[in-house]
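The basis for the numbers below is simple: all heavy atoms, side chains too, and nothing from hydrogens, waters or symmetry mates.
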Amino acid sequence: LEVNSLVIDAFSPHVKSLMRAVELAGGEVSGLVLSPLVASRSSLSNYQKNLGTVLVDVGFGTTGMGVYEENKLISVAKFPVGGASISNDIAIGLRIPVDAAENLKLHYGYAMSKEVSAKETIDLKKFFPDATGSASRRFVSEIIESRLAEILDFVNNELKVMGKQGHLPGGVVLVGGGSKVPGLTDLVRQELKLSSQIGMTLCDEWGATAGNFAKFIEDPEFVTVFGLVLWGVDDKGWGRGSVLSNFKIKNIIKYFLP
């Protein structure tokens, strides 16, 4: 008897802390699932999964990846760097608080420093009143590019081990809050030598009422939220089609959205 298995393990104390946090908030944990799996559930089509695609979920504290080929999940991985790492680097480089660095990143961040004019400056007082002077936008972009390149290096090494480096016709689909940095798709094409696009929740299963959540469905930051709901729908055996027609589903989604 022969079987090909993909075993996913996690550090037990982290899992218990997460479950405890949900319970303290009044929730009930019915199961656990790795975030790249639920993200791919809502953002990758069957065609992409069959063709050969890597989904990269750039979250706040971690980055996850899932690789699909011939409609099968062939690899998953998690890396201990994410959007927060970029903000921390900017905070250190500019000597400003982390929350100010996060805000600056969202307004002026760019993933390809060579595309940013060396003459462009950022008034730091807009983000931190006690700051003095200004900062070069290219310098900020260099910080961002350096950390993003590190994340992509993790992804590339994983693909190299699998023998899939540069050989996935479906390319890279980027999701998560960290994927919204302008210029990231260009950096991915440069670093991974694969086509690249920003992913979003596929609208097919949300029916006519998807308009109620349109701004979230089109935002890569909420791909995992909608994927988690769909995963639960599959697990419970609820009807497909317009899943938002179920009142319970609408209420569930509200818990995850701002």
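Under a 3.5 Å cut-off, the side chain of S146 and the backbone N or O of E142 do not form any donor-acceptor pair. Distance alone, capped at 3.5 Å, places no donor-acceptor pair between the H14 side chain and the A10 backbone. Between the side chain of R137 and the backbone N or O of Y108 there is at least one donor-acceptor pair closer than 3.5 Å. Within the 3.5 Å criterion, the main-chain N or O of D153 finds a donor-acceptor partner in the side chain of N157. With hydrogens and angles ignored, the 3.5 Å screen pairs a side-chain donor or acceptor of S136 with a backbone N or O of R138. Side-chain N or O atoms of S42 include one that pairs as donor or acceptor with a backbone N or O of V223 at under 3.5 Å. A distance-only check finds a donor-acceptor pair linking the side chain of T63 to the backbone of V81 [under 3.5 Å].
By the criterion of side-chain heavy atoms lying less than 4.5 angstrom apart, applied directly or through intervening Ile, Leu, Val, Met, Phe, Trp or Tyr residues, M65 is not grouped with V173; the two fall into different hydrophobic clusters. L230 and M200 end up in different hydrophobic clusters when Ile, Leu, Val, Met, Phe, Trp and Tyr side chains are linked at under 4.5 Å.
The structure places CD1 of I143 at 12.0 Å from CG of L148, a figure rounded to the nearest 0.5 Å. With rounding to the nearest 0.5 angstrom, the CD atom of Q48 is 12.0 Å from the CG atom of L168. In this structure, NZ in K49 is found 13.0 Å from CD1 in I74, a value given to the nearest 0.5 Å. With values rounded to the nearest 0.5 angstrom, S45 atom OG is found 9.0 Å from L51 atom CG. Between atom NZ of residue K160 and atom CD of residue Q165 there is a gap of 5.0 Å, rounded to the nearest 0.5 Å.
Every salt bridge (charged side-chain N to carboxylate O under 4.0 Å, His left out) that E150 has, sequence neighbours left out, goes to R147. Every residue two or more places apart in sequence or in another chain that forms a salt bridge (charged side-chain N to carboxylate O under 4.0 Å, His left out) with E102 is listed here: K105. Not a single salt bridge (charged side-chain N to carboxylate O under 4.0 Å, His left out) links R20 to another residue, sequence neighbours left out. Under the rule for a salt bridge (charged side-chain N to carboxylate O under 4.0 Å, His left out), E115 has no partner lying at least two apart in sequence or in another chain. Residues forming a ring-ring contact (aromatic ring centres under 6.0 Å, His included) with F139 (at least two apart in sequence, or on another chain): none. Contacts of Y47 classified as ring-ring contact (aromatic ring centres under 6.0 Å, His included), with partners at least two apart in sequence or in another chain: none. Residues satisfying the ring-ring contact (aromatic ring centres under 6.0 Å, His included) test with F128, not counting sequence neighbours, are none.
Closest non-hydrogen pair, V38 versus L228, comes out as CB-N, 3.9 Å. Across all their heavy atoms, S134 and T121 have their closest contact at OG-CB, 4.1 Å. Closest of all the heavy-atom pairs between L124 and T132 is CD1-O, 4.2 Å.
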Go through it in stages, so that I can follow the logic: the residues are V56 and V175, the test is side-chain contact (heavy atoms from CB on, under 4.5 Å), and I'd like the CA-CA distance, side-chain angles, deciding distance and then a yes or no. CA-CA 6 Å; V56 178; V175 299; over 6 Å; no
Apply side-chain contact (heavy atoms from CB on, under 4.5 Å) to residues F216 and T201 and explain how you reach the verdict. CA-CA 8 Å; F216 300 115; T201 302; over 6 Å; no
Give the C-alpha distance, both sets of side-chain angles, the deciding distance and a yes or no for side-chain contact (heavy atoms from CB on, under 4.5 Å) between Y68 and L44. CA-CA 9 Å; Y68 286 84; L44 294 185; 3.8 Å; yes
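The environment of NZ in K125 is crowded: more than 12 heavy-atom neighbours from other residues, nucleotides or ligands sit within 6.0 Å.
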Review item, side-chain donor-acceptor pairs of residues 26-37, under 3.5 Å, at least two apart:
| from | atom 1 | to | atom 2 | distance (Å) |
| --- | --- | --- | --- | --- |
| S35 | OG | K78 | NZ | 2.9 |

Side-chain atoms of residues 189-199: list all donor-acceptor pairs with protein atoms under 3.5 Å, sequence neighbours left out, distances to 0.1 Å.
| from | atom 1 | to | atom 2 | distance (Å) |
| --- | --- | --- | --- | --- |
| R189 | NH1 | S196 | O | 3.3 |
| R189 | NH2 | D186 | OD1 | 2.4 |
| K193 | NZ | Q190 | O | 2.6 |

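Annotation: side chain to side chain donor-acceptor pair (under 3.5 Å) contacts involving residues 167-180, sequence neighbours excluded, comprise K180-D219, K180-E221.
Other residues sharing a hydrophobic cluster with I92 under the 4.5 Å side-chain heavy-atom criterion for ILVMFWY residues do not exist; the residue is a singleton. Other members of a hydrophobic cluster containing V98 are absent, since no ILVMFWY side chain comes under 4.5 Å of it, directly or through relayed contacts.
A salt bridge is defined here as a Lys NZ or Arg NE, NH1 or NH2 lying under 4.0 Å from an Asp or Glu carboxylate O, and E69 with K164 meets this definition.
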